[in-house]
K.L.:
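What follows is a single structure, and I will ask about it in a moment.
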Amino acid sequence: MLRLYHLLLGSILLVLIPLGAKFVLPQFSPPKEVKSPTVVKLPNPNEENIWQKILGNAVTPTNWQIAACKGNAPLLCVSSKGERLGTVEINVYPLANNEDFQKKLVAAGIPPGSQVDYQSSKYQTQVLLALKAWVADQYAAFAKDRQGKYGKQITFSAYPPQPVPVGKLQGIRYGFAGLKQKGGVQEQYIGHVAFDGTKLKLYVITTAFDTGTQTGKFEKLENLAIFQPYLYAIAADLRLP
């Protein structure tokens with residue numbers, strides 16, 4: 001009788017176990033992947049990285065490459081073997097929105113509506129005067145900011161502004177370094193500024209070695225030092241105006 005009971009019990013379990021497995025095991029199966037609908041973002045024809053238009057035929061260090069960064073941010077990417085080493089930023093300021101530089105042009109002898117003559121030495125000299133005044137203000141602002149930020153720990157050392165061509169425009173190269181009291185460079189900043197009297201725009205091209213800068217910078221000072229002379233050539237070969 002007991003044996004017959006065990007046989008009946010075994011038969012019932014054989015029937016129920018597959019049913020139990022059918023309802024329990026799926027809970028431990030990996031969830032099905034739910035694919036979200038693909039959103040296609042159409043390119044905006046009004047958005048373009050300005051470097052795509054103005055970058056000339058520039059030479060780079062061996063195994064280094066330069067190209068306009070992807071997207072519409074005004075950044076030039078500098079890379080080597082697939083690794084980004086740094087970026088160069090360009091900002092364009094319409095004269096109509098820059099009252100301060102308007103005043104500098106007037107003080108230099110270029111009032112609104114003046115005839116633009118890139119071949120005139122007088123006009124070039126006047127533009128240089130306005131640009132030098134702009135650079136002087138930049139130096140003053142940087143020096144004040146760094147004094148409040150570092151105190152006496154870092155010495156602000158400005159480079160003498162140098163007249164240089166930026167494309168076909170008259171421009172100025174400028175920059176500064178933050179030198180540590182115990183030796184070494186805290187930061188280095190290199191800039192070019194030029195004025196287009198025809199399109200009435202101020203071009204400011206910058207890069208730096210500075211941990212506090214978000215864009216337009218190199219992570220390593222030695223890479224900036226290597227690229228520096230090539231940057232000068234790039235600025236001179238830009239398609240400006």
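Values in this document were obtained by computation on a predicted structure and should not be read as measured data. For the single chain, residues carry numbers from 1 onward in sequence order.
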K.L.:
Is there a donor-acceptor pair under 3.5 Å between the side chain of Trp64 and the backbone N or O of Val78?
P.N.:
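No, because the side chain of Trp64 does not come within donor-acceptor range (under 3.5 Å) of the backbone of Val78.
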
K.L.:
Just do the side chain to side chain contact (heavy atoms under 4.5 Å, CB included) check on Ile190 and Gln228 with the steps written out, would you?
P.N.:
CA-CA 8 Å; Ile190 302 171; Gln228 190 169 335; 3.5 Å; yes

K.L.:
Whether the Gln188 and Tyr159 side chains hold a donor-acceptor pair (N or O, under 3.5 Å, no angle test) is what I'd like checked.
P.N.:
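Indeed, the side chains of Gln188 and Tyr159 share at least one donor-acceptor pair under 3.5 Å.
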
K.L.:
Check for a donor-acceptor pair, side chain of Asn49 on one end and backbone N or O of Gln52 on the other, with a separation under 3.5 Å.
P.N.:
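Absent.
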
K.L.:
Does the separation of the ring centres of Phe218 and Phe227 fall below 6.0 angstrom?
P.N.:
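Ring-ring flag for Phe218/Phe227: true, centres closer than 6.0 Å.
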
K.L.:
Are the side chain of Gln65 and the backbone N or O of Asn63 linked by a donor-acceptor pair below 3.5 Å?
P.N.:
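Yes.
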
K.L.:
Please walk me through it: do Leu179 and Val185 pass side chain to side chain contact (heavy atoms under 4.5 Å, CB included)?
P.N.:
CA-CA 5 Å; Leu179 306 176; Val185 178; 4.2 Å; yes

K.L.:
Taking only residues two or more places apart in sequence or in another chain, which ones pass side chain to side chain donor-acceptor pair (under 3.5 Å) with Asp137?
P.N.:
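With sequence neighbours excluded, Asp137 shows a side chain to side chain donor-acceptor pair (under 3.5 Å) to Lys104, given in chain and number order.
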
K.L.:
Name the one of Tyr203, Phe101, Tyr93, Tyr123 that satisfies ring pair (Phe, Tyr, Trp, His ring centres under 6.0 Å) with Phe195?
P.N.:
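Of the listed options, the one satisfying the test is Phe101.
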
K.L.:
Determine whether Leu200 and Pro94 make a side-chain contact, defined as any pair of heavy atoms from C-beta on separated by less than 4.5 Å.
P.N.:
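Leu200 does not reach Pro94 side chain to side chain.
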
K.L.:
Would you indicate whether the side-chain heavy atoms of Ile205 and Val166 approach each other to under 4.5 Å?
P.N.:
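Yes; the side chains approach each other to less than 4.5 Å.
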
K.L.:
In the structure I gave you, are the side-chain heavy atoms of Asp196 and Lys199 within less than 4.5 Å of one another anywhere?
P.N.:
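Yes, at least one pair of side-chain atoms sits under 4.5 Å.
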
K.L.:
Okay, side chain of Ser120, backbone of Asp117: is any donor-acceptor separation there less than 3.5 Å?
P.N.:
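No, the answer is negative, given that no donor and acceptor are paired below the 3.5 Å cut-off.
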
K.L.:
Under 6.0 Å from the CZ atom of Arg239, do we count more than 12 heavy atoms belonging to anything else shown?
P.N.:
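Counting neighbours around CZ of Arg239, more than 12 heavy atoms of other residues, nucleotides or ligands fall under 6.0 Å, so yes.
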
K.L.:
Answer whether the closest heavy-atom distance between the side chains of Cys69 and Arg84 falls below 4.5 Å.
P.N.:
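Yes, side chains in contact.
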
K.L.:
Quick one: CG on Leu76 to CD1 on Ile50, what's the gap to the nearest 0.5 Å?
P.N.:
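Here the interatomic distance stands at 11.5 Å.
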
K.L.:
Could you give the distance from CD1 (Ile90) to CH2 (Trp51), rounded to the nearest 0.5 Å?
P.N.:
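These two atoms lie 5.0 Å from each other.
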
K.L.:
Is the centre of the Phe176 ring less than 6.0 Å from the centre of the Phe142 ring?
P.N.:
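Distance test on ring centres: under 6.0 Å, yes.
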
K.L.:
What orientation do Tyr232 and His192 show, parallel under 30°, tilted 30 to 60°, or perpendicular over 60°?
P.N.:
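Answer is perpendicular, since the angle exceeds 60°.
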
K.L.:
Is the closest side-chain heavy-atom distance between Val92 and Lys201 below 4.5 Å?
P.N.:
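Counting from C-beta outward, Val92 and Lys201 do come under 4.5 Å.
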
K.L.:
Within the side chain of Asp237, is there an N or O that forms a donor-acceptor pair under 3.5 Å with the backbone of Asn57?
P.N.:
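Looks like yes, one N/O pair under 3.5 Å.
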
K.L.:
Are the side chains of Leu231 and Thr207 in contact, using a 4.5 Å heavy-atom criterion?
P.N.:
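SC-SC contact between Thr207 and Leu231 confirmed.
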
K.L.:
What distance do Thr155 atom OG1 and Gln147 atom CD have between them, rounded to the nearest 0.5 Å?
P.N.:
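Between atom OG1 of Thr155 and atom CD of Gln147 there are 9.5 Å.
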
K.L.:
To the nearest 0.5 Å, how far apart are CG in Leu131 and CD1 in Ile172?
P.N.:
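Spacing of CG (Leu131) from CD1 (Ile172) equals 5.0 Å.
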
K.L.:
Would you say the side chain of Gln126 lies within less than 4.5 Å of the side chain of Ile110, judging by non-hydrogen atoms?
P.N.:
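Yes, their side chains come closer than 4.5 Å.
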
K.L.:
Whether the Glu89 and Thr215 side chains hold a donor-acceptor pair (N or O, under 3.5 Å, no angle test) is what I'd like checked.
P.N.:
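Note: Glu89 and Thr215 side chains meet the donor-acceptor criterion.
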
K.L.:
Thinking salt bridges, do Glu187 and Arg146 make one under a 4.0 Å N-O criterion?
P.N.:
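Arg146 and Glu187: salt-bridged.
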
K.L.:
Taking the side chain as C-beta and beyond, is there a heavy-atom pair between Val127 and Thr125 under 4.5 Å?
P.N.:
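Sidechains of Thr125 and Val127: no contact.
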
K.L.:
What's the shortest heavy-atom distance between Leu169 and Pro241, and which atoms?
P.N.:
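Closest approach of Leu169 to Pro241: CD2-CD, 3.7 Å.
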
K.L.:
Could you identify which residues cluster with Tyr150, counting Ile, Leu, Val, Met, Phe, Trp and Tyr as linked when any side-chain heavy atoms lie under 4.5 Å apart, either directly or through a chain of such contacts?
P.N.:
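Members other than Tyr150 - counting any ILVMFWY side chain reachable under 4.5 Å - are Ile154.
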
K.L.:
For Lys103, does the NZ atom sit with more than 12 other heavy atoms under 6.0 Å from it, leaving out its own atoms?
P.N.:
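Atom NZ in Lys103 is not packed in, count stays at 12 or less.
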
K.L.:
Report the C-alpha distance between Asp210 and Lys217 in whole Å, list the side-chain angles of each, state the deciding distance to 0.1 Å, and finish with yes or no for side chain to side chain contact (heavy atoms under 4.5 Å, CB included).
P.N.:
CA-CA 7 Å; Asp210 180 9; Lys217 70 172 185 177; 5.7 Å; no

K.L.:
Ignoring hydrogens and geometry beyond distance, is a side-chain donor-acceptor pair present between Tyr118 and Thr198 at under 3.5 Å?
P.N.:
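Looking only at side-chain atoms, Thr198 and Tyr118 do form a donor-acceptor pair, the distance falling under 3.5 Å.
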
K.L.:
To the nearest 0.5 Å, tell me how far Leu238 CG sits from Lys53 NZ.
P.N.:
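Spacing of CG (Leu238) from NZ (Lys53) equals 14.5 Å.
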
K.L.:
Does Ile234 belong to the same Ile/Leu/Val/Met/Phe/Trp/Tyr cluster as Leu75, with side-chain heavy atoms less than 4.5 Å apart forming each link?
P.N.:
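Result: no, two separate clusters.
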
K.L.:
Indicate yes or no for a side-chain donor-acceptor contact from Gln181 to the backbone of Lys152 under 3.5 Å, with no hydrogens or angles considered.
P.N.:
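Yes.
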
K.L.:
Please determine whether the number of non-hydrogen atoms from other residues, nucleotides or ligands lying under 6.0 Å from atom CD of Gln214 exceeds 12.
P.N.:
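Atom CD in Gln214 is not crowded, with 12 or fewer foreign heavy atoms closer than 6.0 Å.
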
K.L.:
Verify whether the ring centers belonging to Tyr174 and Trp134 lie closer than 6.0 Å.
P.N.:
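Distance test on ring centres: under 6.0 Å, yes.
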
K.L.:
Distance from Glu219 atom CD to Leu221 atom CG, nearest 0.5 Å?
P.N.:
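That separation rounds to 12.0 Å.
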
